[in-house]
> 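For reference, the structure I am asking about is given below.
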Amino acid sequence: MEPSTHPGSTASAEQPAPYGTGPGKDAAAAIRKPAKVRIHHLQQAKDEGTKFAMLTAYEQYSAEIFDEAGIEVLLVGDSASNNVFGNETSLPVTVDELLPLCRAVARSAKRALIVADLPFGSYEVSAEQAVATGVRFLKEGLAHAVKIEGTAYYAETVKAMVQAGIPVMAHIGFTPQSEHSLGGYRVQGRGDDAQRLIDDALALADAGAFSILMEMVPADTAAAVDAAVGVPTVGIGAGAATTGQVLVWSDMAGLRGGKMAKFVKQYADLRGTLLAAAAEYGEDVRTGQFPGPEHSF
Ligand code: KIV
């Protein structure tokens, strides 16, 4: 039977696997790492001062590859809205659109913790609505946890979800679903505004959020939030002090193209690679180079 991971449960049959430590310091990294990343491993990283990596994933192959690469957390982000569905922002994507993506990612990753974004409009109305949507993501989407955007205002919502057995990551700072009320993509928590983010983070962590994600927050503010809360923090454009870092995979791997935000580090040029491959294939077909005799029966 799968051991319980319900927050507060004492009935777990699984011993917390040491995170980043193991049978011997020369053991292969793969042996030292837990077979399945659980929330308590992220907490262990915070407690031990080690780091974890998180990437978005929206379908089978990216999930398989990132999982094999050892990425600890895969986020089925509502950024699928503008990275899969062709929308301009994250706002239009729906629960029914995200659920199949989440299921595909969860089925394809063997080790990573799968976190699903609750899309705009699917949790704001009431704690009951949030619990109902969260249940769908764990039950139908096979996610292990969900992420919601918001301030201390959502503390009661987080509490209700956690009570219902839904682990919650809370996303503060710049929250893309509030793009219009925040006046566009703007850094949050500068100067005197830092205390607001610390208060939000404390309220959400107290309510039971297992992690606080900060987006587009000055590094010193993010460090202050990280120091104030006991749970692991994750940053995107929030400096280096957070326990984890997250990037949208199509930015990280250069699939999207165009201008990247300052906080993105591009590790590959997948767009260029695919463009060249598709152009070469098209040319081969047009010139009769493909298929060759070796591809024919
Ligand atoms: O949906 C998403 O990709 C996100 C990240 C920006 C953290 O929420």
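The first residue in the sequence is number 1, and the count goes up from there. Read the numbers this way: they start at 1 and go in the same order the structure lists the ligands and their atoms. Below, each value reflects all heavy atoms present in this structure, side chains not excepted, and no hydrogens, waters or symmetry copies.
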> With heavy-atom distances below 4.0 Å as the criterion, list the atoms of ligand 1 near Gly77.
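Listed by number with element: 1 (O), 2 (C).
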> Under the criterion salt bridge (charged side-chain N to carboxylate O under 4.0 Å, His left out), I'd like the reasoning laid out for Asp67 against Arg111: C-alpha separation, chi angles, the key distance, then a yes or no.
CA-CA 6 Å; Asp67 192 55; Arg111 175 177 173 270; 5.7 Å; no
> Are any side-chain N or O atoms of Arg256 and backbone N or O atoms of Lys259, one a donor and one an acceptor, separated by less than 3.5 Å?
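Flag set: sc Arg256 to bb Lys259 pair under 3.5 Å.
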> Just distances here: any N/O of Tyr58 and N/O of ligand 1 closer than 3.5 Å?
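Among all N and O atoms of Tyr58, none is under 3.5 Å from an N or O of ligand 1.
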> Among all protein heavy atoms, pick the one closest to atom 3 (O) of ligand 1 and tell me residue, atom and distance.
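Ranking protein heavy atoms by distance from atom 3 (O) of ligand 1, first comes Ser79 OG, 2.5 Å.
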> Does Asn83 offer a backbone N or O that forms a donor-acceptor pair with the side chain of Ser250 under 3.5 Å?
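Such a contact is absent between Ser250 side chain and Asn83 backbone.
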> What protein heavy atom sits nearest atom 6 (C) of ligand 1, and how far off is it?
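Checked against all protein heavy atoms, atom 6 (C) of ligand 1 sits closest to Glu215 OE1, 3.6 Å.
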> Compute whether any side-chain donor of one residue and acceptor of the other, for Arg196 and Gln188, lie under 3.5 angstrom apart.
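Checked: Arg196/Gln188 side chains pair up, N/O donor to acceptor below 3.5 Å.
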> Could you tell me whether some N/O pair between Glu149 and ligand 1 is separated by less than 3.5 angstrom?
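No.
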> Among all protein non-hydrogen atoms, which one is nearest to atom 5 (C) of ligand 1, and what is the separation to 0.1 Å?
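Looking at atom 5 (C) of ligand 1, the protein heavy atom closest to it is Leu75 CD2, 3.9 Å.
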> Val248 heavy atoms, cut-off 4.0 Å: which ligand 1 atoms fall inside?
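Answer, ordered by atom number: 3 (O).
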> Quick one: does Thr221's side chain have a donor or acceptor within less than 3.5 Å of a partner on Val217's backbone?
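Answer holds: no.
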> I need the contact type for Asp78 against ligand 1. Using non-hydrogen atoms and a strict under-4.0 Å cut-off, is it side chain, backbone, both or neither?
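The part of Asp78 near ligand 1 is both the backbone and the side chain.
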> Which protein non-hydrogen atom lies closest to atom 8 (O) of ligand 1, naming both residue and atom, and how far is it?
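Result for atom 8 (O) of ligand 1: Lys147 NZ, 2.8 Å.
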> Identify, by atom number and element, the atoms of ligand 1 in contact range of His171, meaning under 4.0 Å from any of its heavy atoms.
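Numbered from 1, ligand 1 contributes 8 (O).
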> Go through ligand 1 atom by atom and flag the ones less than 4.0 Å from a non-hydrogen atom of Thr56.
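Counting atoms of ligand 1 from 1, those under 4.0 Å from Thr56 are 3 (O).
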> Test salt bridge (charged side-chain N to carboxylate O under 4.0 Å, His left out) on Lys265 and Asp251 and set out the steps.
CA-CA 8 Å; Lys265 180 171 175 184; Asp251 294 346; over 6 Å; no
> So if I apply the side-chain contact (heavy atoms from CB on, under 4.5 Å) rule between His171 and each of Gln177, Met214, Glu149, which one comes out positive?
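Result: among Gln177, Met214, Glu149, Glu149 is the only option passing the side-chain contact (heavy atoms from CB on, under 4.5 Å) with His171.
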> Has Arg103 got a side-chain atom pairing as donor or acceptor with Gly141's backbone, closer than 3.5 angstrom?
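Checking the backbone N and O of Gly141 against the side chain of Arg103, no donor-acceptor pair under 3.5 Å is found.
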